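Because the structure is predicted, anything quoted here is derived from the model rather than measured. All chains are named by letter (A, B, ...) in the order of the sequence lines, taking the proteins before the strands, and each is independently numbered beginning at 1.
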Number of protein chains: 2
Amino acid sequence: MAFEEEQKVFDSFVREKGLKHSGQRKDILLTFLKTEKHLTVDELYTLVKKKNPSIGIATVYRTLKLLCGCGLSSELRFGDGPVRYEHFYRHEHHDHLVCVKCGNFIEVMDAEIEKLQERLAKKEDFTLQGHKLLMYGVCRKCKG
Amino acid sequence: MAFEEEQKVFDSFVREKGLKHSGQRKDILLTFLKTEKHLTVDELYTLVKKKNPSIGIATVYRTLKLLCGCGLSSELRFGDGPVRYEHFYRHEHHDHLVCVKCGNFIEVMDAEIEKLQERLAKKEDFTLQGHKLLMYGVCRKCKG
DNA sequence: GGTTATAATGATAACAATTATCAATATCAA
DNA sequence: TTGATATTGATAATTGTTATCATTATAACC
């Protein structure tokens, strides 16, 4: 079984919080991990149902909250519509370039921007924990 | 009457789109302009009702969409909860440092970050139109 | 000014995403 | 094995927002 590290992260989170394990949570976690996409709850729900048809959507909501809590996932909000969940554990931090025409996005990363943010935060005496940078524009394809 | 410039911006938007003027829109626009806060629809609705008690909340939703369309306002989404609307016209572009404990935020600006974003976008052949940068952390007060 | 086409309004139904509730079940420490 | 309690799935409730629609207001034209 793959994803031992991620499972360990989840395990210690569960232990630390006095929660319990369950087959549903394991199914959801593994399905999430092997799908390298920015999934919505509904999309993940559909995928997990193939493995475990009796699962309820509320459990998917609940489990994704836990995955965010232990650093395995992170919420992403592009404008309106449902929240998307991206992989977070051992993924280089990246930002998103979103096309306003076709809705597609590109992940980009830039160490300098990260540094500048730290500087800004320090100036205001903030202890930075994370950030979300969304850049909107028109992608190459849509510029035609 | 103040805010002549902003009213002119709105006027030409209305003309250009073949829309019409209305007292409600004027009340909403002026109340929005004189309240230098990141208002939710509901907050603005409450304020406008003091001037015009018969106004409906749907009109506030609709008018804020228009204000965003003509560049007088801009949507802001801090995590969940309702969208907030900030002033946009002739306001230097700024980003937000949001405290994860108390929910307060500070506006910050940094010309260099803007430049770096342009660079990133160019690399991907994106025509950048705007961006939203939210930085999360703990503010001075909450670090106590 | 009066007419007329059409945009705007307010009330509220509908909708989408999410959270809360709750009875039944599963987990796990002792 | 047992008992305390966390989890589950179904679904009701909630929240924020948009759509609908009959009525009213606006503004271009005469």
Please confirm whether the shortest side-chain N or O distance from [X] to OP1 or OP2 of [N] is below 4.0 Å.
| X | N | result |
| --- | --- | --- |
| B/Thr59 | C/dA8 | no |
| A/Gln24 | D/dT7 | no |
| A/Lys65 | C/dT18 | no |

Spacing between [X] atom [atom1] and [N] atom [atom2], to the nearest angstrom:
| X | N | atom1 | atom2 | answer |
| --- | --- | --- | --- | --- |
| A/Ile28 | D/dT7 | CD1 | C1' | 11 Å |
| B/Leu64 | C/dA8 | CG | P | 15 Å |
| B/Ile57 | C/dG10 | CD1 | P | 11 Å |

Base, sugar-phosphate alone, or nothing: which one does [X] contact when heavy atoms must sit under 4.0 Å apart?
| X | value |
| --- | --- |
| B/Arg25 | sugar-phosphate |
| B/Lys17 | nothing |
| B/Thr40 | nothing |
| B/Ile55 | sugar-phosphate |

Proximity to the side chain of [X] - top-ranked nucleotide from [options]:
| X | options | result |
| --- | --- | --- |
| B/Ala58 | D/dG9, C/dA7, D/dA19 | D/dA19 |
| A/Ser22 | C/dA17, C/dA8, D/dT8 | D/dT8 |
| A/Arg62 | C/dT18, D/dG16, D/dG9 | D/dG9 |
| B/Val83 | D/dA27, C/dT9, D/dT17 | D/dT17 |
| A/Lys20 | D/dT7, C/dA5, D/dA10 | D/dT7 |

For residues [X] and [Y], is any side-chain donor paired with an opposing acceptor at under 3.5 Å?
| X | Y | result |
| --- | --- | --- |
| B/His91 | B/Glu86 | no |
| A/Glu6 | A/His87 | no |
| B/Lys49 | B/Tyr45 | yes |
| B/Thr31 | B/Lys51 | no |

Ionic contact status for A/Glu5 with A/Arg90, cut-off 4.0 Å: yes
